[in-house]
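Heads up, the thing below is written out as structure tokens.
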Amino acid sequence: MGYRSLKQTKITKAAKGSPCTFNSDLCDPGVNNEKVVFCHKNGAGMGEKTTDELGRDIGFFGCHACHTLYDTKNHPYYQPYFIDEMAEFAITRTKRLLVKRGIVGEDYTL
């Protein structure tokens, strides 16, 4: 994992207009999914974006509410471990969308 600049990649650009793949009970993607961004997986450190050894983005498409939930782990009844599990499923759903759109190949790991 390493630090990357804030330059948008094909994957981060693909979030625009995409559905929120986290899809919590707080989800609010907005009309035409305009509130959806690419949410990097936590764990790289403060101010760093999670990437694999090749510098590829690791994360999911999420609306502002779901992104905040993932970052804070603050929910009335979801436990933090469950929120992390939801993120792993969202990463898988995001990869499926990216493969379907031809942005990444099947071998790509998010």
What heavy-atom pair brings C20 and C63 nearest, and what distance separates the two atoms?
-> SG-N, 3.4 Å
Linking I/L/V/M/F/W/Y whenever any side-chain heavy atoms sit under 4.5 Å apart, do L69 and F82 land together?
-> yes
Partners meeting side chain to side chain contact (heavy atoms under 4.5 Å, CB included) with H67 (sequence neighbours left out) | C39, D71
Residues two or more places apart in sequence or in another chain: which of them pass side chain to side chain donor-acceptor pair (under 3.5 Å) with S24?
-> none
Step by step, work out the side chain to side chain contact (heavy atoms under 4.5 Å, CB included) result for F61 and L98.
-> CA-CA 10 Å; F61 297 152; L98 293 170; 3.8 Å; yes
Across all chains, not counting sequence neighbours, the salt bridge (Lys or Arg N to Asp or Glu O under 4.0 Å) partners of E88 are K41
Under the side chain to side chain contact (heavy atoms under 4.5 Å, CB included) test, residues paired with K73 that sit two or more places apart = N42, Y70, P80, I83, D84
Spacing of CD1 belonging to I103 relative to NZ belonging to K95, to within rounding of 0.5 Å | 13.5 Å
Nearest-0.5 Å distance, CZ of residue R101 to CG of residue L97 = 5.0 Å
Considering the options T94, D107, V104, which one meets the side chain to side chain contact (heavy atoms under 4.5 Å, CB included) requirement together with V99?
-> V104
List for me each residue that meets side chain to side chain contact (heavy atoms under 4.5 Å, CB included) alongside D25, sequence neighbours excluded, and say none if there are none.
-> H75, Y77, Y78
Rounded distance [0.5 Å steps], CZ in F60 versus CZ in R93 = 10.0 Å
Answer yes or no: is there a side-chain heavy-atom contact under 4.5 Å between N33 and S18?
-> no
Please report the closest heavy-atom contact between V36 and P29, naming both atoms and the distance.
-> CG2-CB, 3.8 Å
Nearest-0.5 Å distance, OG1 of residue T68 to CG of residue D28 | 11.0 Å
For I11 and F38, work out which heavy atoms get closest and say how close.
-> CG2-CE1, 3.4 Å
Between N23 and C66, what is the shortest heavy-atom contact and its length?
-> N-SG, 3.9 Å
Under 4.5 Å between any side-chain heavy atoms of H40 and T12, yes or no?
-> yes
